[in-house]
Q: 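Below: one structure in structure tokens.
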Protein chains: 2
Amino acid sequence: MMMDTRAYLDAHFPQFEPELKAEMAEIAEIRNIPAGETLMRTGQNIRSTVLVAEGRLKLYREGHDEGEIFMYYLEPGNACALSMICGQQQETSGVMLKAIEDSTVILVPVKFMENFMQRYKGWYNFVVETYRERFEELLTLIDHIAFRAMDERLVYYLGNQREKLGTSKLHITHGEIATDLHSSREVISRLLKKLEQQGKVKLHRQYIEML
Amino acid sequence: MMMDTRAYLDAHFPQFEPELKAEMAEIAEIRNIPAGETLMRTGQNIRSTVLVAEGRLKLYREGHDEGEIFMYYLEPGNACALSMICGQQQETSGVMLKAIEDSTVILVPVKFMENFMQRYKGWYNFVVETYRERFEELLTLIDHIAFRAMDERLVYYLGNQREKLGTSKLHITHGEIATDLHSSREVISRLLKKLEQQGKVKLHRQYIEML
DNA sequence: CAACGATGGTGACCCAGGTCACCGTTACAA
DNA sequence: TTGTAACGGTGACCTGGGTCACCATCGTTG
């Protein structure tokens, strides 16, 4: 189904003022991203704020030499906090955005940010709230990797997945989990088995059932 | 030396519009924090944005049960990004602010934030820039603890200290470094000695000289 | 059906770094 | 002067988790 910018804004950004949505519809660009594709921000400077209209994307922090770590999901109604900030300079800051479902994003050139900020409370609140949430999320990530052991991180990860994906049958491979937690498949397999013995999950081929 | 709010603003926040500074001087509160004192934000909700006028503070992330990790310094002219966000709800988000020098902060109640944001470009730019810098800093922290080994983190830490403190004689104990990196004194001592053998630093009692 | 790739299980091994125990040195206070 | 606390050094030991090697199972495609 093909929708136009205004329809997406109406559907997922109800808190925006009608006039704001009208202005945005004029200037924004729509982009479709097929599942699996990554918007690497490692060189290509995004000069637009990214609003998610459809689908689901995963945001990763990339290590200096190979390796990555999962930060958080972006869903319809969310925005990429980084893309709101990075705009002015082409700082790329080793972050990777990957679509895990076919997704649609709305790109609003950053040059309008300041103007919208001053004229629309709906936009101001949205931006502040976005920063706040992502900041919290990064702090949570920091204390997980700094203070928690892998088994605890795994439990948290699985809980998070269930919540975000809205199902307790997680169709995710051990290898993917290992990538997201920046660990290795073997370790994740071992820990999962331990969780199964504790009766917290049930392992199946291709998916994990949470109990 | 006792200065008033306006004098501090003139000294360290030259990018603010004169009218903004005038308004702020009316409503802001000044607080002095002696060296060593901590503004724990674990329960006490800061309803004000914290601007640093004098001194130097360290911001830590606290672990769930004891333990902490150093995030970054706040210096005159900086603001605590978290205090800009957390304001509305009393979310405390396990962060600790510790003065390492006698410090003075300017507290601007958050209820003025939105208003200033819309009326003063100087304030808007300051806030956006603050978010951007701190976000970057958190991302850097994340990839250090996620991807780097302790020796590399130590080197980075020392370089950072030299830069921020403006001297290559670092008056800091091994124990403090261990706390900041969330490691243990013995490990830091061993790694420092290795760095000394590599000719990168010279160890003295009470301070470390960087070469 | 055969072959291959993706997935997952398992044991053996290794190592960074956390912990423990203990000691030496320096500074400062009683 | 003598405690005493802070600081720093060092060896012994342990463990979480990363790595390697290899094998089993399943689904898909030629």
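Numbers restart at 1 for each chain; the letters A, B, ... are given by sequence-line order, proteins then strands. Bear in mind that the values here come from a model prediction, so they are computed numbers and not experimental data.
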Q: Does C/dG9 have OP1 or OP2 under 4.0 Å away from a side-chain N or O of A/His174?
A: yes
Q: Mind calculating the distance between CG (B/Leu192) and C1' (C/dG17) to the nearest angstrom?
A: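 B/Leu192 atom CG is separated from C/dG17 atom C1' by 15 Å.
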Q: So, B/Asn32 side chain and B/Thr104 main chain: donor-acceptor pair closer than 3.5 Å or not?
A: no
Q: How far apart are the closest heavy atoms of A/Pro109 and A/Leu107, and which atoms are they?
A: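 Answer, listing the atom of A/Pro109 first, then A/Leu107: CD-O, 3.6 Å.
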Q: Rounded to the Å, how far apart are A/Leu203 CG and D/dT25 P?
A: 17 Å
Q: Could you tell me how far apart B/Arg185 (CZ) and C/dC20 (P) are, to the nearest whole angstrom?
A: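 The distance from CZ of B/Arg185 to P of C/dC20 comes to 13 Å, rounded to the nearest Å.
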Q: Kindly indicate, with the supporting measurements, whether the criterion side-chain contact (heavy atoms from CB on, under 4.5 Å) is fulfilled by B/Glu68 and B/Phe70.
A: CA-CA 7 Å; B/Glu68 58 219 55; B/Phe70 171 62; over 6 Å; no
Q: Mapping B/Tyr207 and A/Arg205 onto DNA chain D by nearest heavy atom, which one lands closer to the 5' end?
A: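 It is B/Tyr207 whose nearest nucleotide is closer to the 5' end.
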Q: Any chance the side chains of B/Tyr73 and B/Gln161 put a donor and an acceptor closer than 3.5 Å?
A: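 The answer is yes; a qualifying pair exists.
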Q: Without swapping roles, check the side chain of A/His12 against the backbone of A/Ala53 for a donor-acceptor pair under 3.5 Å.
A: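 Checking the backbone N and O of A/Ala53 against the side chain of A/His12, a donor-acceptor pair under 3.5 Å is found.
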Q: Please give, in whole Å, the distance from D/dG9 P to B/Leu195 CG?
A: 12 Å
Q: For D/dC7, does the base pair up with any side-chain atom of B/Gln206 as donor and acceptor (N or O, under 3.5 Å, distance only)?
A: no
Q: Within this structure, what is the CZ-to-C1' distance between A/Phe147 and C/dG18, rounded to whole angstrom?
A: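 After rounding, the gap between these two atoms is 15 Å.
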Q: Using 4.0 Å as the upper bound for N to carboxylate O, is an ion pair formed by B/Arg134 and B/Glu136?
A: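 Result for this pair is no, no salt bridge flagged.
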Q: Would you mind reading off the distance between A/Glu186 atom CD and C/dG8 atom C1', rounded to a whole angstrom?
A: 10 Å
Q: Which pair of heavy atoms, one from A/Gly159 and one from A/Met210, lies closest together, and at what distance?
A: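 So the minimum-distance heavy-atom pair works out to N-CE, 4.0 Å.
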Q: Rounded to whole Å, how long is the line connecting atom CG of B/Leu181 with atom C1' of C/dA16?
A: 15 Å
Q: Using atom CD1 of B/Ile145 as one end and atom P of C/dG17 as the other, report the distance to the nearest whole Å.
A: 14 Å
Q: Could you list all N or O pairs between the protein and nucleotides 12-17 of chain D that sit under 3.5 Å apart?
A:
from: D/dG17; atom 1: OP1; to: A/Met150; atom 2: N; distance (Å): 2.7

Q: OP1, OP2 of C/dG8 versus side-chain N and O of A/Ser189: anything below 4.0 Å?
A: no
